Amino acid sequence: MNKTVEVLPDQSALVARALELILSKLETAIEQRGRFTIALSGGSTPKPLYEAMPSAGYAYANQKLPWDKIHVFWGDERYVPPDHPDSNELMTRRAWLNHVDIPAANIHPVPTLEADPAEAAAKYEQHLKEFFNSSGAEFPVLDVILLGMGDDAHTASLFPHTEALKVRDRLVTVGNKNESQRITFTYPFINSARSVIFLVAGANKIPALAQVFAPVADDFTYPSRLIQPQGELWWLLDAAAGSELQT
Ligand SMILES: O=C(O)[C@H](O)[C@@H](O)[C@H](O)[C@H](O)COP(=O)(O)O
């Protein structure tokens with residue numbers, strides 16, 4: 001694992017750095033494999049990043065991005081209809097996807113109208129396997145997985161001391177936060193990505209970050225500790241969250 005921690009002066013610098021990093025990964029992916037696959041996070045931190053995507057162009061060529069080669073997934077989703085105010089898909093469409101000519105087939109939302117969350121998780125897993133043409137034991141490899149971190153050190157919908165943290169043989173599982181039902185990538189699937197990028201902002205994240213970066217702490221109490229990808233791990237922090245961090 002190749003881990004990089006960057007502390008940016010404020011949230012707008014954090015977003016600008018995240019955009020720069022994503023565009024760099026996007027260009028490499030399209031050059032090497034003809035497409036770019038990214039799984040998005042919900043929450044408030046990434047929203048300005050999504051809002052910046054419609055006007056993003058290649059860093060040097062300032063071209064329109066090749067939206068037909070870009071595929072968007074979600075690393076977790078609330079188990080609500082896609083028009084529900086809590087939907088991560090709805091937030092992302094309003095902030096970004098409704099403003100670019102990305103083909104509808106390139107948007108891969110989590111199904112949330114199934115009989116129950118377990119059925120939805122299984123259906124999303126099947127879709128991922130078919131998209132990445134992976135039927136074997138190997139987990140599919142996304143180019144980028146964007147993550148946030150809660151002040152309880154959860155990430156995606158992998159919450160402390162939940163059953164989702166024990167699921168190692170699936171891509172997608174149910175991750176409940178108290179009575180709020182969610183669908184989430186499992187941590188081993190997240191760890192299969194080429195690059196995992198955490199975006200963390202705000203002083204309220206300081207205690208959780210200290211535990212996540214501590215040499216020893218309980219992974220099930222601080223689930224973001226479980227994110228140890230074979231590829232690149234990026235922590236992009238604003239100064240409020242990261243200025244005191246011992247990395
Ligand atoms: O669906 C979600 O809400 C996210 O996947 C969740 O894991 C989020 O990233 C963290 O709760 C941090 O949220 P903020 O960015 O709002 O602090």
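Atoms within each ligand, like the ligands themselves, are counted from 1 in listed order. Just so you know, these numbers come straight off a predicted model, no measurement behind them.
The option with the heavy atom closest to atom 12 (C) of ligand 1, from among Arg182, Glu77, Met149, is Met149.
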message: Please evaluate residues Asp143 and Lys25 with respect to the criterion side chain to side chain contact (heavy atoms under 4.5 Å, CB included), reporting the C-alpha separation (whole Å), side-chain torsions for both, the decisive distance (0.1 Å), and the verdict.
response: CA-CA 7 Å; Asp143 293 304; Lys25 306 289 174 203; 5.7 Å; no
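Near Arg78, the atoms of ligand 1 lying under 4.0 angstrom from a non-hydrogen atom of the residue are 1 (O), 2 (C), 3 (O). Interface atoms of ligand 1 facing Gly43, defined by a heavy-atom separation under 4.0 Å, are 2 (C), 3 (O), 13 (O), 16 (O). Those atoms of ligand 1 with a heavy atom of His154 less than 4.0 angstrom away are 6 (C), 7 (O), 10 (C), 11 (O). Taking a cut-off of under 4.0 Å to the non-hydrogen atoms of Ser44, the atoms of ligand 1 that pass are 14 (P), 15 (O), 16 (O). Contact atoms of ligand 1 toward Asp76: 1 (O), 2 (C), 4 (C), 5 (O) (distance under 4.0 Å to a heavy atom of the residue). Close approach to Gly148 involves these atoms of ligand 1, each under 4.0 Å from a residue heavy atom: 9 (O).
The shortest N or O to N or O distance between Thr45 and ligand 1 is under 3.5 Å. Among the atoms of Asn88, some N or O lies under 3.5 angstrom from an N or O of ligand 1. Below 3.5 Å of separation, one finds an N or O of Ala156 facing an N or O of ligand 1.
Residue-level proximity to ligand 1 for Ser157 is absent, since no heavy atom of it falls below 4.0 angstrom.
Taken to the nearest 0.5 Å, the CZ atom of Phe185 stands 11.0 Å off from the OG atom of Ser41. Of the inter-residue distances, the one linking Glu27 atom CD with Ile22 atom CD1 reads 13.0 Å to the nearest 0.5 angstrom.
With a 4.5 Å cut-off on side-chain heavy atoms, Phe36 and Leu65 do not count as touching.
Under the 30°/60° scheme for interplanar angles, the aromatic rings of Tyr124 and His127 are found to lie parallel. Using bins of under 30°, 30° to 60° and over 60° for the plane-to-plane angle, the ring pair Phe131/Phe73 lands in the perpendicular bin.
Partners of Glu130 by salt bridge (Lys or Arg N to Asp or Glu O under 4.0 Å), not counting sequence neighbours: none found. Judged as a side chain to side chain contact (heavy atoms under 4.5 Å, CB included), and not counting sequence neighbours, the contacts of Arg170 are Ala122, Glu125, Val167, Thr186.
When hydrogens are left out, the protein atom nearest atom 17 (O) of ligand 1 is Lys205 NZ, 2.7 Å; that is the closest non-hydrogen contact.
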